[in-house]
Amino acid sequence: MTSVAQPSPDTAELTVVQVPASDSRVKPLLRELGDEYSRRYGKDAHAEMARYPDEEFTAPCGGVLLLLLERGEPVAGGAFRRYDEGTAELKRIWTHSAHRRRGLARRVVAELEREASARGYRRIYLTTGPRQPEARSLYLATGYTSLFDTEADPETIGPLPFEKHLNVTTRT
């Protein structure tokens, strides 16, 4: 699937592409996410990236990996995998460090939601780390329900779970 976004000041000329994890354009996503997790959680954080096999993010396994390209270069991306029969789990939401504060993560989440809905998923589940307040804010701002006490110290909770129910659409 390839589509072109409606132009706006912050997201003009973006193309959405679905790619396999082996696509060379995915390397910045994996590298930056691994580095970011390591800075926030320690050197073992790269293990989180390796926890899920790449094939879980392919259509035959119920998943997808997509990138937002600007002039052919990856500026943001994300993925989902099958969590259960009716639920997609968002993973690897990323915005290139040189392209933050443009609303690209919101766009990635919206594209993933659209694709999950088109594939018949009725719910999205995700977790984010307790040291990622910007991710927590993103999910709350985009309509996700926290499955934890938002008044508690995030460090006492561990991974912060969220969910969102989808209106299922079908492809024509």
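Computed from a predicted structure; not experimentally measured.
Judged by distance alone, with hydrogens and angles left aside, the side-chain atoms of Arg25 form no donor-acceptor pair with the main-chain N or O of Gly72 at under 3.5 Å. Between the Arg100 side chain and the Thr95 main chain, a donor and an acceptor come within less than 3.5 Å of each other.
Here the side chains of Thr128 and Leu138 are not in contact, with every heavy-atom distance at 4.5 Å or above. Contact annotation: the side chain of His96 approaches that of Glu32 to within less than 4.5 Å [non-hydrogen atoms, C-beta and beyond]. Contact check for Leu65 versus Val26: side-chain heavy atoms found under the 4.5 Å cut-off. Using a 4.5 Å cut-off on side-chain heavy atoms (C-beta onward), Ile124 and Phe162 make no contact. Proximity of His99 to Glu70: side-chain heavy atoms (C-beta onward) are separated by under 4.5 Å at one or more points. By the 4.5 Å heavy-atom criterion applied to side chains, Asp54 and Pro20 are not counted as neighbours. Side-chain atoms of Pro74 and Trp94, non-hydrogen and from C-beta on, do get closer than 4.5 Å to each other. At least one side-chain heavy atom of Val64 sits less than 4.5 Å from a side-chain heavy atom of Glu115.
Residues Pro154 and Pro130 come closest through the heavy atom pair O-CB, 3.2 Å. Heavy-atom minimum distance, Ala152 versus Ile157: CB-CD1, 3.9 Å. The minimum heavy-atom distance between Arg51 and Pro53, with the atom names listed, is O-CD, 3.9 Å. In plain terms, the two heavy atoms of Gly129 and Leu160 that are nearest each other are O-CD1, 4.0 Å.
For the residue pair Asp84/Thr87, the side-chain donor-acceptor check at 3.5 Å is satisfied. Residues Gln132 and Tyr41 have side chains that bring a donor and an acceptor to within less than 3.5 angstrom of each other.
Legend: residues meeting salt bridge (charged side-chain N to carboxylate O under 4.0 Å, His left out) with Arg131, ordered by chain and number and at least two apart, are Glu155. Applying the salt bridge (charged side-chain N to carboxylate O under 4.0 Å, His left out) criterion to Glu134, with sequence neighbours excluded, gives Arg40.
Arg92 CZ to Leu112 CG: the interatomic distance, rounded to the nearest 0.5 Å, is 12.5 Å. Expressed to the nearest 0.5 Å, how far CZ of Arg119 lies from CG of Leu166 amounts to 13.0 Å. The CD atom of Glu163 sits 9.5 Å away from atom OH of Tyr125, with the distance rounded to the nearest 0.5 Å. For the atom pair CZ (Arg81) and SG (Cys61), the distance works out to 10.0 Å, reported to the nearest 0.5 Å. Between the OG atom in Ser117 and the NE2 atom in His165 there is a gap of 13.5 Å [rounded to 0.5 Å]. Taken to the nearest 0.5 Å, the CZ atom of Arg114 stands 10.0 Å off from the CG atom of Leu66.
Within the 6.0 Å centre-distance limit, the rings of Phe80 and Tyr121 are counted as a close aromatic pair.
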field: CA sep, side-chain torsions, deciding dist, call: Val16, Leu67, side-chain contact (heavy atoms from CB on, under 4.5 Å)
entry: CA-CA 6 Å; Val16 179; Leu67 294 173; over 6 Å; no

- request: Using the side-chain contact (heavy atoms from CB on, under 4.5 Å) rule, take Thr156 and Asp153 through it: C-alpha gap first, then chi angles, then the decisive distance, then the call.
  value: CA-CA 6 Å; Thr156 66; Asp153 176 1; 3.9 Å; yes

- request: I would like to know whether Tyr144 and Thr142 meet side-chain contact (heavy atoms from CB on, under 4.5 Å); could you show each step before the answer?
  value: CA-CA 6 Å; Tyr144 283 77; Thr142 54; 3.5 Å; yes

task: Under the side-chain contact (heavy atoms from CB on, under 4.5 Å) rule, what do Phe148 and Arg136 come out as? Steps first, then yes or no, please.
output: CA-CA 11 Å; Phe148 60 94; Arg136 174 183 164 157; 4.2 Å; yes

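At a threshold of 4.0 Å, the pair Glu36-Arg31 does not count as salt-bridged, since none of the basic side-chain nitrogens sits closer than that to a carboxylate oxygen. A salt bridge links Glu113 with Lys164: the closest approach of a Lys/Arg side-chain nitrogen to an acidic carboxylate oxygen falls below 4.0 angstrom.
Linking ILVMFWY residues whenever their side-chain heavy atoms come closer than 4.5 Å, directly or via other members, leaves Tyr83 and Tyr139 in distinct clusters. Residues Leu140 and Leu126 share a hydrophobic cluster, clusters being chains of Ile/Leu/Val/Met/Phe/Trp/Tyr side chains in contact below 4.5 Å.
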